[in-house]
Amino acid sequence: MSESPADMIARARASVRECMVSDLADGIPEDTLLVDVREPEEVWRGCIPGAVAVPRGLLELEIHGLVASFNGASEVPDVETPILLYCASGGRSALAAETLERMGYRNVVSLAGGIVAWHQAGLPIDTPD
């Protein structure tokens, strides 16, 4: 039996850690790598300040180098690095979190509601000039 995209997202959300925008009221911790997994045309409309944009389709290929660079290492990524993922509404970031956990990352969180919830909470969004 095949699994629908909605089923896949529901399964991912049930298995990964999610945080609410309200959990970040005091800001995103400095030791946390914030990754926007939306497509470039979505990111162009605005992103959460401090986010690194890596489209969902490239995440598995780029995450090791991104984590290593974030930690100032040359090659070996620290799988304990806190990683906060977000997308538009939380579906793709949940799928991405599930994937990163399968890759061995142990401290991955998906932002429930994504940038939509962030924006609705009145939190800042960086937009291109």
Side-chain angles (χ1 to χ4, degrees):
M1 174 183 254
S2 65
E3 188 175 32
S4 73
D7 292 337
M8 292 175 68
I9 291 169
R11 178 182 41 77
R13 282 187 165 146
S15 69
V16 301
R17 288 187 305 147
E18 288 188 304
C19 73
M20 306 299 290
V21 169
S22 59
D23 298 331
L24 304 171
D26 293 329
I28 298 168
E30 286 185 27
D31 69 338
T32 300
L33 174 59
L34 178 62
V35 182
D36 184 333
V37 298
R38 296 175 302 151
E39 294 299 313
E41 59 273 8
E42 294 174 283
V43 175
W44 185 83
R45 291 181 287 217
C47 63
I48 296 174
V52 176
V54 180
R56 172 72 188 92
L58 297 176
L59 187 63
E60 294 85 350
L61 301 173
E62 295 188 14
I63 193 64
H64 292 326
L66 184 61
V67 170
S69 176
F70 178 75
N71 289 316
S74 59
E75 294 183 28
V76 181
D78 179 359
V79 296
E80 297 294 339
T81 299
I83 301 172
L84 175 59
L85 303 167
Y86 76 92
C87 61
S89 62
R92 287 174 286 176
S93 60
L95 292 169
E98 183 179 57
T99 298
L100 293 187
E101 286 177 350
R102 282 197 313 255
M103 292 178 72
Y105 290 92
R106 298 186 189 118
N107 198 1
V108 181
V109 178
S110 173
L111 180 61
I115 197 166
V116 170
W118 183 270
H119 180 69
Q120 288 173 341
L123 295 168
I125 294 178
D126 282 345
T127 54
D129 295 329

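For reference, positions follow the sequence shown, starting with 1.
- Arg92 and Ser110 form no side-chain donor-acceptor contact under 3.5 Å, judged by distance and modelled atom types alone.
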(request) For the pair Ser93 and Arg56, evaluate side-chain hydrogen bond (donor to acceptor under 3.5 Å, both in side chains) and give the outcome as yes or no after the intermediate values. (result) CA-CA 8 Å; Ser93 60; Arg56 172 72 188 92; over 6 Å; no
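- The CD atom of Glu101 sits 10.0 Å away from the CD1 atom of Ile83 when rounded to the nearest 0.5 Å.
- Proximity of Tyr105 to Ile63: side-chain heavy atoms (C-beta onward) are separated by under 4.5 Å at one or more points.
- Side-chain atoms of Thr81 do not come within 3.5 Å of backbone N or O of Pro77 as any donor-acceptor pair.
- A pairwise comparison of heavy atoms in Glu18 and Gly90 identifies OE2-O, 4.5 Å as the closest pair.
- Summarising the geometry of Cys87 relative to Val37, their closest heavy-atom pair is CB-CG2, 3.8 Å, with the distance given to 0.1 Å.
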(message) Please evaluate residues Val21 and Leu123 with respect to the criterion side-chain contact (heavy atoms from CB on, under 4.5 Å), reporting the C-alpha separation (whole Å), side-chain torsions for both, the decisive distance (0.1 Å), and the verdict.
(response) CA-CA 9 Å; Val21 169; Leu123 295 168; 3.2 Å; yes
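- Rounded to the nearest 0.5 Å, atoms CG (Leu95) and CZ (Arg11) are 7.5 Å apart.
- Here the closest non-hydrogen pair linking Asp31 and Phe70 is O-CE2, 3.5 Å.
- Listed here is the closest heavy atom pair of Thr127 and Gly46: CG2-CA, 3.9 Å.
- Taken together through direct or relayed side-chain contacts under 4.5 Å among Ile, Leu, Val, Met, Phe, Trp and Tyr, Ile28 and Val35 form parts of separate hydrophobic clusters.
- Looking at Asn71, its side chain never comes within 3.5 Å of a backbone N or O of Ala73 through a donor-acceptor pair.
- Distance alone, capped at 3.5 Å, places no donor-acceptor pair between the Trp118 side chain and the Ile125 backbone.
- When side chains are defined from C-beta on, Val43 does not count as touching Glu39, because their heavy atoms never get closer than 4.5 Å.
- Minimum heavy-atom separation, Glu98 to Ser15: OE2-OG, 3.6 Å.
- Put simply, the side chain of Glu62 never gets that close to the backbone of Leu59: no donor and acceptor are under 3.5 Å apart.
- Looking at Asn107, Val109, Leu34, Leu33 one by one, the single match for side-chain contact (heavy atoms from CB on, under 4.5 Å) with Pro82 turns out to be Asn107.
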(request) Tell me, with the steps shown, if Glu42 and Ile115 meet side-chain contact (heavy atoms from CB on, under 4.5 Å). (result) CA-CA 10 Å; Glu42 294 174 283; Ile115 197 166; over 6 Å; no
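- A chain of hydrophobic side-chain contacts below 4.5 Å, direct or via other Ile, Leu, Val, Met, Phe, Trp or Tyr residues, connects Val108 to Val54.
- The minimum heavy-atom distance between Ile9 and Gly91, with the atom names listed, is CG2-CA, 3.7 Å.
- Follow the hydrophobic side-chain contacts under 4.5 Å out from Met103 and you reach Leu85 in the same cluster.
- Looking only at distances, no side-chain donor or acceptor of Asp7 sits under 3.5 Å from a matching main-chain atom of Glu3.
- Judged by distance alone, with hydrogens and angles left aside, the side-chain atoms of Asp23 form a donor-acceptor pair with the main-chain N or O of Met20 at under 3.5 Å.
- Cluster membership check: Leu100 shares its hydrophobic cluster with Val52, using side-chain heavy-atom separations under 4.5 Å among Ile, Leu, Val, Met, Phe, Trp and Tyr.
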